[in-house]
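Taking it in order: structure first as structure tokens, then the write-up.
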Amino acid sequence: MKHTEIAIVGGGPAGLSAGIVAARLGAQVTVIDDNPRLGGQLIKQTHKFFGSRTHYCGTRGVDIAAILEQELRKTGAEIVLNTTVIGHFQPNILGLASSQQFTKLTYDRLIIATGAYENNVLFENNDLPGVYGAGAVQTLMNVYGIRPGKRVLMIGSGNIGLIVSYQLLQADVEVAAVVEALPYIGGYHVHAAKLRRCGVPILTSHTIKAALGKEYVTGAVICRVNRKFRPIKGSERKLKVDTICLAVGLSPLIELLSQIDCYLVYIPELGGLVAWHDENLQTSVPGVYVAGDVSGIEEASTAILEGRIAGAHAFLSLKGKEANPEAEAIIRDARRELAVIRQGPFGEKAARGKRQLQQYTPARPVIQQ
Ligand SMILES: Cc1cc2nc3c(=O)[nH]c(=O)nc-3n(C[C@H](O)[C@H](O)[C@H](O)COP(=O)(O)OP(=O)(O)OC[C@H]3O[C@@H](n4cnc5c(N)ncnc54)[C@H](O)[C@@H]3O)c2cc1C
């Protein structure tokens, strides 16, 4: 059994920023991540980031991960890799499992920055080998240098679908088409234009009906959809592909928060079930915070800012403002920057979700659907 003042679950941009801030202010910090490397989703992002100019816009995701890791290591915070937090026990105990051992970690404050998992789509044969999430394809290609296949059908034209399609082309994998159920492209047009210039068709108002193949994917059936997203009979066509890649959104990874009995609310704008939290990112359970995609699906820039707020507030609530007067200023500045990002066209949805969250009261510990 070990003890830490502030335990942080997840070493993506949110967890790293929370750790950097809390440790610099003067807290003893432990960051736990189940991967062999810090950075979360950033380690597979080889493209230059969009987003806020003050938050690494124009820098490759994998380089942002390295910068944040270096900053965290300089603080002397404890870093525990290859280790999954598999459970929470009362009162303040985390269960940590690695391939070697099971340990327990007690904490004074807890920041959950576990990110998100990829959504699936319902279609015939969607469990055939060769059907991947877009994040899995990125990990295979950009972290391990393995191509998922030779010819891919991408489902979803949000930024993830568009960026991963382009990265597939860069890896010499053919992209047969990008299929999108909405009547318009979801992601930035700059990414869509790059794909179109390479000859990749982006088929809006289309969906996938089935994966073809017995033991693995050998093709796909796509079709047009009407305004109610129902397949239009007779519009089916077959594509010869060996890989189907799903880029249809993410959902917050809230299992630990649910186990801790945090009050959970269903907010579609935030990606599904999220833990209710106040403007300091504190949940309905005092001393337990959230930051990043787990608090609502957004971007690395907002994850970094939320991490700063959660880290600084966890420090403040533990040590008091006399311990380091900088903490309050960090929170104030990060809140201001978050407000600016969320005023933009791509932050507006999350801003709406966060406002909706405040309409619920955490007094009732029930899941609202
Ligand atoms: C293709 C793609 C392109 C993107 N492009 C951009 C962009 O250009 N600009 C931008 O701002 N954002 C972009 N994003 C979004 C950005 O990557 C995410 O919003 C950001 O990484 C979220 O950070 P996070 O720290 O909340 O979660 P994550 O980065 O997901 O990190 C969470 C970490 O926690 C670990 N973890 C989870 N559960 C446990 C557990 N129980 N125990 C231990 N560890 C655990 C995970 O393995 C992971 O390492 C992109 C995302 C994708 C997929």
Side-chain angles (χ1 to χ4, degrees), residues 41 43-47 116-188 191-251:
Q41 290 199 44
I43 62 168
K44 57 193 175 190
Q45 312 299 355
T46 51
H47 65 286
Y117 65 89
E118 300 194 82
N119 295 340
N120 208 334
V121 189
L122 271 183
F123 58 90
E124 197 182 322
N125 274 340
N126 73 355
D127 58 348
L128 270 184
V131 180
Y132 289 89
V137 161
Q138 269 205 322
T139 306
L140 267 183
M141 285 198 304
N142 299 349
V143 180
Y144 298 106
I146 297 167
R147 288 191 196 110
K150 291 189 175 134
R151 196 159 196 263
V152 174
L153 170 66
M154 178 66 67
I155 313 296
S157 74
N159 279 323
I160 295 181
L162 298 177
I163 289 169
V164 176
S165 294
Y166 193 70
Q167 292 178 347
L168 282 159
L169 295 178
Q170 288 177 312
D172 213 11
V173 177
E174 215 182 315
V175 180
V178 177
V179 161
E180 169 62 60
L182 290 168
Y184 53 86
I185 293 170
Y188 291 175
H191 297 310
K194 264 160 74 175
L195 277 183
R196 281 191 165 137
R197 278 201 297 275
C198 296
V200 176
I202 303 176
L203 307 173
T204 52
S205 296
H206 274 72
T207 192
I208 179 164
K209 256 193 123 174
L212 302 173
K214 279 208 171 115
E215 287 174 12
Y216 48 84
V217 172
T218 55
V221 180
I222 61 169
C223 66
R224 282 197 284 121
V225 292
N226 62 20
R227 279 201 199 147
K228 292 182 172 167
F229 302 108
R230 299 262 192 285
I232 298 174
K233 255 195 173 161
S235 69
E236 294 86 357
R237 68 177 150 127
K238 283 183 189 171
L239 293 177
K240 205 166 181 257
V241 292
D242 57 12
T243 306
I244 296 167
C245 191
L246 308 177
V248 290
L250 302 166
S251 298

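Quantities reported herein were computed from a predicted structural model and do not represent experimental measurements.
- Scanning all heavy atoms of the two residues, the minimum distance from A181 to V225 falls at O-CG2, 3.6 Å.
- Between the CG atom in L168 and the CZ atom in R151 there is a gap of 12.5 Å [rounded to 0.5 Å].
- To the nearest 0.5 Å, the span separating CG on N142 from OG1 on T46 amounts to 4.0 Å.
- Under the 4.5 Å side-chain criterion, counting only non-hydrogen atoms from C-beta, L250 is in contact with I160.
- Every residue two or more places apart in sequence or in another chain was checked for a salt bridge (Lys or Arg N to Asp or Glu O under 4.0 Å) with E124, and none qualifies.
- In this structure, NZ on K233 lies 12.0 Å from SG on C223, to the nearest 0.5 angstrom.
- Using modelled atom types, one side-chain atom of D242 and one backbone atom of K150 make a donor-acceptor pair closer than 3.5 Å.
- At a threshold of 4.5 Å between non-hydrogen side-chain atoms, the residues L169 and L195 count as touching.
- Side-chain contact check for L212 versus N125: every heavy-atom pair is 4.5 Å or farther apart.
- Counting all heavy atoms, side chain and backbone alike, L203 lies closest to H206 at O-CB, 3.5 Å.
- Counting heavy atoms from C-beta on, the side chains of L162 and I202 come closer than 4.5 Å.
- Side chain of T204 to backbone of E180: no donor-acceptor contact under 3.5 angstrom is found.
- The distance from the CE atom of M141 to the CZ atom of R147 is 10.0 Å, given to the nearest 0.5 Å.
- By the 6.0 Å contact criterion, CZ on F229 is enclosed, its count of non-hydrogen atoms from other residues, nucleotides or ligands being greater than 12.
- The shortest heavy-atom contact between K44 and G135 is NZ-O, 3.6 Å.
- Of all the heavy atoms in I244 and G219, the pair that sits closest is CD1-O, 4.1 Å.
- Remark: R224 CZ to R237 CZ distance equals 9.5 Å, nearest 0.5 Å.
- In this structure a side-chain-to-backbone donor-acceptor pair under 3.5 Å is present from E118 to A134.
- Two residues are said to be in side-chain contact when any heavy atoms from C-beta on lie closer than 4.5 Å; F123 and I155 fail this criterion.
- For I185 against A192, the heavy-atom pair with the smallest separation is CD1-CB, 4.0 Å.
- Looking at N126, its side chain does come within 3.5 Å of a backbone N or O of V121 through a donor-acceptor pair.
- The minimum heavy-atom distance linking G187 with N159 is given by the pair CA-OD1, 3.4 Å.
- Annotation: side chain to side chain donor-acceptor pair (under 3.5 Å) contacts of S251 (sequence neighbours excluded): N119.
- The structure places CD of Q170 at 7.0 Å from NZ of K194, a figure rounded to the nearest 0.5 Å.
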